[in-house]
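Here is the structure we will look at.
Every heavy atom of this structure was used, including side-chain atoms; hydrogens, water molecules and symmetry mates were not. Computed from a predicted model, the values in this text were never measured in an experiment.
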Amino acid sequence: MNWKVDLENKRSLSVSIFCDHTQWHKFILNYIPSFLKKNVGIENYFFSLSKNRGSHIRLTIVSPSSEATSLILKIDAYLKKCITKIGASDSKNLIPENGTFCDFTPNTIHYGVYDFYHTNIRLQNELTTLLITTFQHYKKNTISNLIEIFIELFFILSKSPLLTKESSVKLFERLLESEYKNLDAKLLTEVKRINKTEFIENKEELISFVNQDIYSFSEMEPFQKQWFSIILNFKKWDTEKKTNQEEYLIQSVCNLFGFDNRITAYYLFVSAIRG
């Protein structure tokens, strides 16, 4: 990926792939990389996962304006062929309760071409690599293991030079309180009850995990190394000089995976740190 992108005369090709999440590793690790390698005119690309309009992979490709129409037609035809290889989906993507968005049928491709605008391109490239290496490690089980994955990412951040035990507690308490504000009183009470039970059932294992020493870099899995590298280098990539870089990083990686169980992950992690 090229993180130095000339923004003049560029277009952003947004492709959404709606299919069962147990098949996502095939697209992220095989189908999409194969297309990207074989087609000229692709100057950059980003991956993310989303539940907006139903769970899907979102691929963003940056290309010259002159190549945009040709590229989007090629990738649409290519991915539709790939979709036929994975078989029928077991369930239909559900629309959000507020009905703001129209639902899409599983095993379909949707796309659009837009003026290119993206902030912090370097970080988006590095996060895309984190997503890819995480799928390389967990493959079809990535989404079903997201809470465990995020607790591990939080652990690595908490052991980095950016944070101490005390500052980690304050950071995750602040993130947790921010999420609580989005819930009504009845739901909040239920969520707290469920999370407390979850922590009690896994208390010893969680506390033992967060109290261990950070693994040496050579012992880390590729996705762990990538996350640690992002943590250490983000300050120099952050051209906007955000006031709370650690919080921004956590929100960014949660958004990258479309992670909607962050309340549980925040609660389990900060409770384990407190002991």
With a cut-off of 3.5 Å and sequence neighbours excluded, list every side-chain donor-acceptor pair involving residues 62-70.
from	atom 1	to	atom 2	distance (Å)
S65	OG	N9	O	3.1

Test side chain to side chain contact (heavy atoms under 4.5 Å, CB included) applied to [X] - qualifying residues, sequence neighbours left out:
{"X": "K80", "value": "D76, I109"}
{"X": "N30", "value": "none"}
{"X": "S34", "value": "K38, Y78"}
{"X": "L232", "value": "P161, F228"}

Inset, instruction - For residues F259 and L49, determine if any side-chain heavy atom of one lies less than 4.5 Å from a side-chain heavy atom of the other. - result: no
Inset, instruction - Please tell me if the side chains of S55 and H21 come closer than 4.5 Å, counting only heavy atoms from C-beta onward. - result: no
Is the side chain of [X] donor-acceptor paired with the backbone N or O of [Y] at a distance under 3.5 Å, no angle test?
{"X": "T128", "Y": "F47", "answer": "yes"}
{"X": "S167", "Y": "T164", "answer": "yes"}
{"X": "S158", "Y": "F155", "answer": "yes"}
{"X": "N244", "Y": "E247", "answer": "yes"}
{"X": "W24", "Y": "C19", "answer": "yes"}

Please tabulate, one pair per line, all N/O donor-acceptor pairs under 3.5 Å involving side-chain atoms of residues 181-192, not counting sequence neighbours.
from	atom 1	to	atom 2	distance (Å)
D184	OD1	K186	N	3.3
D184	OD1	L187	N	2.8
T189	OG1	A185	O	3.0
E190	OE1	R193	NE	3.2
E190	OE2	R193	NH2	2.7

Inset, instruction - Keeping to residues at least two apart or across chains, list the salt bridge (Lys or Arg N to Asp or Glu O under 4.0 Å) pairs with something in residues 261-273. - result: none
Identify all side-chain donor-acceptor contacts of residues 142-154 below 3.5 Å with residues at least two apart in sequence or on another chain.
from	atom 1	to	atom 2	distance (Å)
T142	OG1	K139	O	2.7
S144	OG	N141	O	3.0
N145	ND2	N141	O	2.8
E152	OE2	Y215	OH	2.9
E152	OE2	Q224	NE2	2.3

Legend entry - Set of residues satisfying side-chain hydrogen bond (donor to acceptor under 3.5 Å, both in side chains) with respect to Q212, sequence neighbours excluded: none
Legend entry - Distance-only polar pair, side chains of S216 and E219, donor-acceptor under 3.5 Å: yes
Legend entry - Set of ring-ring contact (aromatic ring centres under 6.0 Å, His included) partners for Y31, sequence neighbours left out: F27
Legend entry - For Y111, all residues meeting ring-ring contact (aromatic ring centres under 6.0 Å, His included), sequence neighbours excluded: none
Legend entry - Centroid separation F135 to H25 less than 6.0 Å: no
Inset, instruction - Please round to the nearest 0.5 Å and tell me the distance separating atom CZ of R58 and atom CD1 of I17. - result: 12.0 Å
For residues 266-275, which side-chain N or O atoms pair as donor and acceptor with protein atoms under 3.5 Å away, sequence neighbours left out?
from	atom 1	to	atom 2	distance (Å)
S271	OG	Y267	O	2.7
R274	NE	E173	OE2	3.1
R274	NH2	E173	OE2	3.1

Legend entry - Pairing of E221 and K225 as salt bridge, 4.0 angstrom limit: no
